[in-house]
Amino acid sequence: MPAARDLIELLKPVTWFPPMWAFGCGVVSAGGGAPFWVILGGLLLAGPVVCAMSQACNDWFDRHVDAINEPDRPIPSGRIAGTWGLRIAIFWTLLGLVLGAALGPWGLGATLVAATLAWAYSAPPFRLKANGWLGAAATGFAYEGLPWITGAALTLNAAPRWEVWTVALLYAAGAHGIMTLNDFKAIEGDRQFGIRSLPVQLGPDVAARIACAVMALSQVAVIALLLSWGMAVVAGLVTLALAVQLLMMPRLLADPEGRAPWYNGVGVGPYVAGMMASAYAISTLPGGA
């Protein structure tokens, strides 16, 4: 039986924030008003259950790669031995399906999509992460788009309006760049095991430029939508958030391999702040959520 501290490390609580924040954006974009237990259940589903499940799944199928990139992780270090890593991933998947079903059809449907993406991302034969374009797209949608749409759907107990879908998917597309930068920490192991992340495929310099462009262009599209809806103040806030990121990007591009973790630590904050501002703007549009 793994020790509790090793189990927590395997489930990587630091990664839970993005999907939980996106779920909160969904709740806000739908105007709020959902029962407390629905919001709490959705937050638990997005972070400590589904996201944690994806981390356990990825660590199990990446144990050989992590032996090079992060040998101190619980599985390659032997602290979680045998098939315990796989069993934890399966158990957390089942836990997610139970919690999703308790939240109703939208919760169950979202969990099924998330679980499918998580296993397809890491496990053979699909192993989407083996191609940086597909892997970053899957994780960007799973971390930002899907929880946002789920939060809105659970709040409304119905399909969200098209504006919710559009803005959520734009921010999910921008998250492709964030996920690409996250791959910089694993370049050596990915290269040795044939995982063609964008830093491996294109080299760190080109991959970083593409990541920055994808993040910026998605936010430009959101700003254009906000302006078309007459939301000039919120459009200005998102523009300010983008400007802060643009000021940081030259430092990243000067040494992308060395500074990708730095940018993910400080540059993503303005990005997610713009998400919440956009969610609020949607909630104020005429015609209800």
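Keep in mind that the numbers below use all heavy atoms, side chains included, and drop hydrogens, waters and symmetry copies.
Listed by chain and residue number, Y171 satisfy the ring-ring contact (aromatic ring centres under 6.0 Å, His included) test with Y271 (two or more places apart in sequence, or in another chain). Residues passing the salt bridge (charged side-chain N to carboxylate O under 4.0 Å, His left out) test with D183: none are found, sequence neighbours excluded. Remark: W21 engages F17 in a ring-ring contact (aromatic ring centres under 6.0 Å, His included) (not counting sequence neighbours). Remark: D190 pairs with no residue by the side chain to side chain donor-acceptor pair (under 3.5 Å) rule, at least two apart or across chains. Considering only residues two or more places apart in sequence or on other chains, E70 meets the side chain to side chain donor-acceptor pair (under 3.5 Å) condition with none of them. Among residues two or more places apart in sequence or in another chain, the side chain to side chain donor-acceptor pair (under 3.5 Å) test is passed with T166 by none. The ring-ring contact (aromatic ring centres under 6.0 Å, His included) check on F61 picks up W119, with sequence neighbours excluded. Considering only residues two or more places apart in sequence or on other chains, T239 meets the side chain to side chain donor-acceptor pair (under 3.5 Å) condition with none of them. By the side-chain contact (heavy atoms from CB on, under 4.5 Å) test, S54 is found to be paired with C51, A118, Y143, residues two or more places apart in sequence or in another chain being considered.
Evaluation of the side-chain hydrogen bond (donor to acceptor under 3.5 Å, both in side chains) test over residues 73-84, restricted to residues two or more places apart or in two chains, returns D6-R79, E9-R79, D59-R73, S77-R79, T83-R87. For residues 211-222, the pairs satisfying side-chain hydrogen bond (donor to acceptor under 3.5 Å, both in side chains) are Q219-Q245, with sequence neighbours left out.
Here the shortest heavy-atom pairing between T150 and A110 reads OG1-CB, 3.2 Å.
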Please table the atom pairs, donor to acceptor, closer than 3.5 Å between any side-chain atom in residues 202-212 and protein atoms at least two apart or in another chain.
residue	atom	partner	partner atom	Å
R209	NH1	D205	O	3.4

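Side chain of R127 to backbone of S122: a donor-acceptor contact under 3.5 angstrom is found. Counting only distance, with no hydrogens or angles, the side chain of N69 and the backbone of G189 share a donor-acceptor pair below 3.5 Å.
Here the CE atom belonging to M20 is positioned 10.5 Å from the OG1 atom belonging to T15, to the nearest 0.5 angstrom. Distance CD1/I75 to CG/D62: 9.5 Å, rounded to 0.5 Å.
Note: the hydrophobic cluster containing V268 also contains W148 (ILVMFWY, side chain heavy atoms under 4.5 Å, direct or indirect links).
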